[in-house]
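So the structure is just underneath, and the comments pick up after that.
We count residues from 1, following the sequence as given.
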Amino acid sequence: MSNGSLYTHIQNNIATVEFYHPASNSFPSELLARLATEFNELSLNKEVHVIILKSEKEKAFCAGASFDELVAITNLEEGKQFFLGFANVLNAMRKCSKLIIGRIQGKVVGGGVGLAAACDYCLATEQASIKLSELTIGIGPFVIAPAVERKIGIAALSELTLDATSWKNAYWAKEKGLFAKVFETLSELDNEVDNLATKLASYNPEALNKMKKILWQGTENWDTLLSERAAISGKLVLSDFTKNALQKFKK
């Protein structure tokens, strides 16, 4: 379980992808690689018309990338490879031929915000506060910024990034366009996710695929762009500022 878990269940043309990690559903590199592979495979699966992305437990949807791995980076290549983990997932979600519904039940931090932004439609509970805290440790949300900006715009991205110590509540995220709807309870969220997925799964798969492509127009350069961004983060994580900042968090 140190690398977390990933399970996919397919029923009635709906694929439910559920991830878990004991550290607030954060992602070590291996789990990110598995998730990217899963999206690539589901994209080709004709039995699947729509995908639901969710995480286990109630408190956190995703705490971003693994902190333990971040602390352990020692050179430029390791740094770039680490940040390419989320880049590969975002690109897999972007290229996936199936629409992806995000079921966001709890707090979302760092790379988790990018994950939510790369979903085609997100539903959340009131507990789904979001934060981009990367600047506080001397790096920035460079890899996920294109996905977040695409969803909420440059002004909201600036506010979220520069106010790096503050949580924005789920209604702020809804107002900015990250979440489509916010619910008071988990059961209300799950009912809405199920209803939406069932409706979408009943529609013409070819129409859904064409709509997905239109929604993502203008992102064709992301393979190159996100790789370049990963290199920026990979270099910054080796800076004295970041190394000193990370020392405070070491166990």
- [ ] Please confirm whether the backbone N or O of Arg34 pairs with a side-chain atom of Glu38, one donor and one acceptor, at under 3.5 Å?
- [x] no
Open item on the list: Working note: Ser97 + Ser43, criterion side-chain hydrogen bond (donor to acceptor under 3.5 Å, both in side chains); need CA distance, chi angles, decisive distance, verdict.
Closed with: CA-CA 5 Å; Ser97 65; Ser43 181; 3.2 Å; yes
Task: pair Val109-Trp167: side-chain heavy atoms closer than 4.5 Å - done: yes
TODO: Flag the pair Phe67 / Phe27 as yes when their ring centroid distance falls below 6.0 Å, and as no otherwise.
DONE: no
TODO: Look at the side chain of Ser233 and the backbone N and O of Ala230, then say whether any donor-acceptor pair between them is shorter than 3.5 Å.
DONE: no
Open item on the list: Main chain of Glu30, side chain of Asn3: is a donor-acceptor contact present, judged purely on distance under 3.5 Å?
Closed with: no
Task: Derivation of the side chain to side chain contact (heavy atoms under 4.5 Å, CB included) call for Asn13 and Val50 - done: CA-CA 7 Å; Asn13 304 120; Val50 64; over 6 Å; no
TODO: Indicate yes or no: at least one non-hydrogen side-chain atom of Phe82 is less than 4.5 angstrom from one of Leu32.
DONE: no
- [ ] Answer yes or no: is there a side-chain heavy-atom contact under 4.5 Å between Leu226 and Phe86?
- [x] no
- [ ] Scan side-chain atoms only and decide if Thr185 and Ser187 contain a donor-acceptor pair under the 3.5 Å cut-off.
- [x] yes
TODO: Tell me whether the centres of the aromatic rings in Tyr20 and Tyr7 are closer together than 6.0 Å.
DONE: no
Task: Student check: side-chain heavy atoms of Leu35 and Leu115 closer than 4.5 Å - done: yes
Open item on the list: Run Val108 and Ser129 through side chain to side chain contact (heavy atoms under 4.5 Å, CB included) and show every step you take.
Closed with: CA-CA 6 Å; Val108 194; Ser129 300; over 6 Å; no
Open item on the list: Within this structure, what is the CD1-OG1 distance for the pair Ile10 and Thr8, rounded to the nearest 0.5 Å?
Closed with: 7.0 Å
Task: Pairs meeting criterion salt bridge (charged side-chain N to carboxylate O under 4.0 Å, His left out) with involvement of residues 88-106, two or more places apart - done: Arg94-Asp223, Lys95-Asp223, Arg103-Asp190
Open item on the list: Treating Asn25 as the side-chain partner and Ala60 as the backbone partner, does any N or O pair qualify as donor plus acceptor under 3.5 Å?
Closed with: yes
- [ ] Measure the shortest side-chain to side-chain distance between Leu99 and Ile51 over non-hydrogen atoms and say whether it is less than 4.5 angstrom.
- [x] no
TODO: Kindly indicate whether a cation-pi arrangement holds for Arg150 with Trp216, taking the cut-offs as under 6.0 Å to the six-membered ring centre and within 45° of the axis.
DONE: yes
Open item on the list: Using side-chain heavy atoms (C-beta onward) and a distance below 4.5 Å, is Lys174 in contact with Leu123?
Closed with: no
Task: Lys/Arg-Asp/Glu bridge criterion (N-O < 4.0 Å) met for Asp163, Lys168 - done: yes
- [ ] Say whether, by atom type as modelled, one donor and one acceptor occur between the side chain of Lys131 and the main chain of Lys107 under 3.5 angstrom.
- [x] no
TODO: State, without any angle test, whether Ser55 and Glu18 hold a side-chain donor-acceptor pair at a distance under 3.5 Å.
DONE: no
Open item on the list: With a 4.5 Å cut-off on side-chain heavy atoms, are Leu246 and Leu70 touching?
Closed with: yes
TODO: State, without any angle test, whether Ser239 and Thr242 hold a side-chain donor-acceptor pair at a distance under 3.5 Å.
DONE: yes
Open item on the list: Asn12: which residues meet the side-chain contact (heavy atoms from CB on, under 4.5 Å) condition with it, sequence neighbours left out?
Closed with: none
Open item on the list: Testing the 3.5 Å rule here: is there a donor-acceptor pair between the side chains of Glu184 and Thr125?
Closed with: no
- [ ] Report whether Ile73 and Phe241 are members of the same hydrophobic cluster (ILVMFWY, side-chain heavy atoms less than 4.5 Å apart, transitive linking).
- [x] no
Task: Test item: Gln105 side-chain N/O and Lys57 main-chain N/O as donor-acceptor pair under 3.5 Å - done: yes
